[in-house]
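This chain uses plain numbering: 1 for the first residue, then up along the sequence. For clarity, every value in this text was computed on a predicted model and none was experimentally measured.
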Amino acid sequence: MLSKPYLNTGLAVAVSVALIGCRQRETKTAGDREAAIQSEPESSKPSFPPPSNNMHTEAWQQIVSALTTSLAQLRAKEVEVSDLEDFDPPPLEQIDELEREMGIKLPETFRQFLAITGGFRFDWEAESGPFDDIAYGGNSEVDFLRGSEELTLAEAYREFQEHYEGFDVEDGAQIAIIRRCFPLFLTDGGGNSLAIRLDTDPLQIHLLKSELCWYFSDIAGDEHKSLVGRGLPEFLLHWASLGGPATEDLSVVVEACGGDTLDANSAGGRAIREWLATPE
């Protein structure tokens, strides 16, 4: 849960400081990424905590800290930002019901995530952004997860499946994939959805576009590639550190990052973070 103490700016800073020691335990790959960031001038380096491999309390605190920092930076730019509203975790019986509804054993990473939070809601809009197409973010139209509020987890899953059935897809492989997905954002105003595949390791996050009938592809170079993240805590940390780009803009942000998934440590990611950290 995005507990209220973590939404306090002073405590969020304290969380960031406490997590510095965790950086020493990162893998060589993460160390190489951090070394690349260290080569930047100090004045242009926004703070960015390293991702954690598991969705546990420490990882969630990093995500909360990154999101709190991003929203504070936006307010310092005199951008209109809504209050960050957090939802309680769904009760255990909802998680068990979802597992029965999907007919699979939910990955432990996803169960840990559901035990911590029911999601959140916020939005922001600026007159201009780091790129022409990116000047707003958040999820005011669609609650993140939605599991503990208007819909139960199983109800959200069923509504997600019913929406997909409306596309009248005949590709059996695509249908099999969607049956193993849960909506992080059910649908936005344009019918797009952000879904997490629960049959991959690490878990994959896909941006499903309405005009493509929610087509799944994780092939690099595919113009219809839907993959935007690998690993739930890793994706959320990158997303929060970039100010929570709107769902429909995620493919643009991934392209700006120059890789196949959202990456706050890439050149494009650093450009967004520097824009966030620069007051008007």
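- Of the possible donor and acceptor atoms, none in the side chain of Ser226 sits under 3.5 Å from a partner among the backbone N and O of Leu207.
- In the hydrophobic cluster analysis, where Ile, Leu, Val, Met, Phe, Trp and Tyr join through side-chain heavy atoms closer than 4.5 angstrom, Leu208 is grouped apart from Leu227.
- Here the side chain of Ser65 pairs no donor or acceptor atom with the backbone of Gln61 at under 3.5 angstrom.
- The nearest pair of heavy atoms linking Ala126 to Val79 is CB-CG2, 3.8 Å.
- Tested against His206, the residues Phe235, Phe185, Tyr215, Phe216 include a single ring-ring contact (aromatic ring centres under 6.0 Å, His included) partner, Phe216.
- Contact of the Arg75 side chain with the Leu71 side chain is registered, since non-hydrogen atoms from C-beta on lie closer than 4.5 Å.
- Between the side chain of Ser82 and the backbone N or O of Asp123, at least one donor-acceptor pair lies under 3.5 Å.
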- For Val254 and Thr261, run side-chain contact (heavy atoms from CB on, under 4.5 Å): C-alpha distance rounded to whole Å, both residues' side-chain angles, the deciding distance at 0.1 Å, then the answer. CA-CA 6 Å; Val254 169; Thr261 59; 5.5 Å; no

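- Nearest heavy-atom pair, Gly269 versus Cys257, reported as atom, atom and distance to 0.1 Å: N-SG, 4.1 Å.
- Remark: Glu170 CD is loosely packed, at most 12 non-hydrogen atoms of other residues, nucleotides or ligands lying under 6.0 Å away.
- Ser70 approaches Leu276 most closely through the heavy-atom pair OG-CD1, 4.1 Å.
- Taking CZ of Phe120 as the start and CG of Asp83 as the end, the distance is 15.0 Å to the nearest 0.5 Å.
- Criterion: ILVMFWY side-chain heavy atoms under 4.5 Å apart, direct or through other members. Under it, Leu198 and Leu232 are part of a common hydrophobic cluster.
- Both Leu237 and Leu203 belong to a single network of hydrophobic side chains, linked directly or stepwise wherever heavy atoms of I, L, V, M, F, W or Y lie under 4.5 Å apart.
- With values rounded to the nearest 0.5 angstrom, Phe113 atom CZ is found 11.0 Å from Ile95 atom CD1.
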- Test side chain to side chain donor-acceptor pair (under 3.5 Å) applied to Glu165 and His163, step by step: CA-CA 5 Å; Glu165 290 168 3; His163 191 98; over 6 Å; no

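- Taking CD1 of Ile63 as the reference point, atom CD of Glu234 lies at 8.5 Å (rounded to 0.5 Å).
- Using a distance-only test at 3.5 Å, with no hydrogens or angles considered, a donor-acceptor pair links the side chain of Gln94 to the main chain of Leu153.
- In this structure, the salt bridge (charged side-chain N to carboxylate O under 4.0 Å, His left out) partners of Asp96, at least two apart in sequence or on a different chain, are Arg111.
- Side-chain contact between Asn265 and Arg273 is present, with at least one heavy-atom pair separated by less than 4.5 Å.
- Note on Trp239 and Phe110: same hydrophobic cluster, where clusters join Ile, Leu, Val, Met, Phe, Trp and Tyr whose side-chain heavy atoms are under 4.5 Å apart, directly or indirectly.
- No donor-acceptor pair closer than 3.5 Å links the side chain of Ser217 to the backbone N or O of Lys225.
- Annotation: side chain of Leu151 is in contact with side chain of Glu159 (closest heavy-atom distance under 4.5 Å).
- Glu80 has its side chain out of reach of Glu125: every pair of non-hydrogen atoms, C-beta onward, lies at least 4.5 Å apart.
- Judged by the 6.0 Å and 45° rule, Lys77 forms a cation-pi pair with Trp275.
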- Quick one: do Leu236 and Leu67 satisfy side-chain contact (heavy atoms from CB on, under 4.5 Å)? Show the steps, please. CA-CA 9 Å; Leu236 288 174; Leu67 183 56; over 6 Å; no

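- Within the 4.5 Å cutoff, the side chain of Val228 has heavy atoms near those of the Leu194 side chain.
- Put simply, the side chain of Trp214 never gets that close to the backbone of Asn192: no donor and acceptor are under 3.5 Å apart.
- Taken from CD1 in Ile205 to CG in Leu262, the straight-line distance is 10.0 Å, to the nearest 0.5 Å.
- Atom CZ of Phe182 and atom CD of Gln161 lie 10.5 Å apart (nearest 0.5 Å).
- Listed for the Tyr164 side chain is no donor-acceptor partner under 3.5 Å among the backbone atoms of Arg179.
- In this view, Thr278 satisfies the side chain to side chain contact (heavy atoms under 4.5 Å, CB included) rule with no residue, not counting sequence neighbours.
- Note on Phe167 and Phe160: same hydrophobic cluster, where clusters join Ile, Leu, Val, Met, Phe, Trp and Tyr whose side-chain heavy atoms are under 4.5 Å apart, directly or indirectly.
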- When you look at Lys105 and Glu99, which way does the side-chain contact (heavy atoms from CB on, under 4.5 Å) test go after all the steps? CA-CA 6 Å; Lys105 183 175 177 56; Glu99 195 167 75; 3.8 Å; yes

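- Side-chain contact annotation: Ser193 with Lys209, donor-acceptor N/O pair under 3.5 Å absent.
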- Query: Going through the checks in order, is the side-chain contact (heavy atoms from CB on, under 4.5 Å) test met by Ile104 and Asp199?
  - Reply: CA-CA 9 Å; Ile104 63 172; Asp199 62 346; over 6 Å; no

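- Residues Pro279 and Ala76 approach most closely at CB-O, 4.0 Å, considering heavy atoms.
- Using a 4.5 Å cut-off on side-chain heavy atoms (C-beta onward), Pro245 and Val253 make contact.
- Glu155 places a side-chain N or O within 3.5 Å of a backbone atom of Thr152 that can act as its donor or acceptor partner.
- Remark: side-chain polar atoms of His238 are paired, donor with acceptor, to backbone N or O of Ala264 under 3.5 angstrom.
- Arg121 contributes no side-chain N or O that, together with a main-chain N or O of Glu85, makes up a donor-acceptor pair within less than 3.5 Å.
- Once rounded to the nearest 0.5 Å, the distance linking CG of Leu184 with CD1 of Ile196 reads 5.5 Å.
- Among all heavy-atom pairs drawn from Cys181 and Arg197, the shortest one is SG-CG, 3.4 Å.
- Using a cut-off of 4.0 Å between Lys/Arg side-chain N and Asp/Glu carboxylate O, Arg230 and Asp218 are scored as not salt-bridged.
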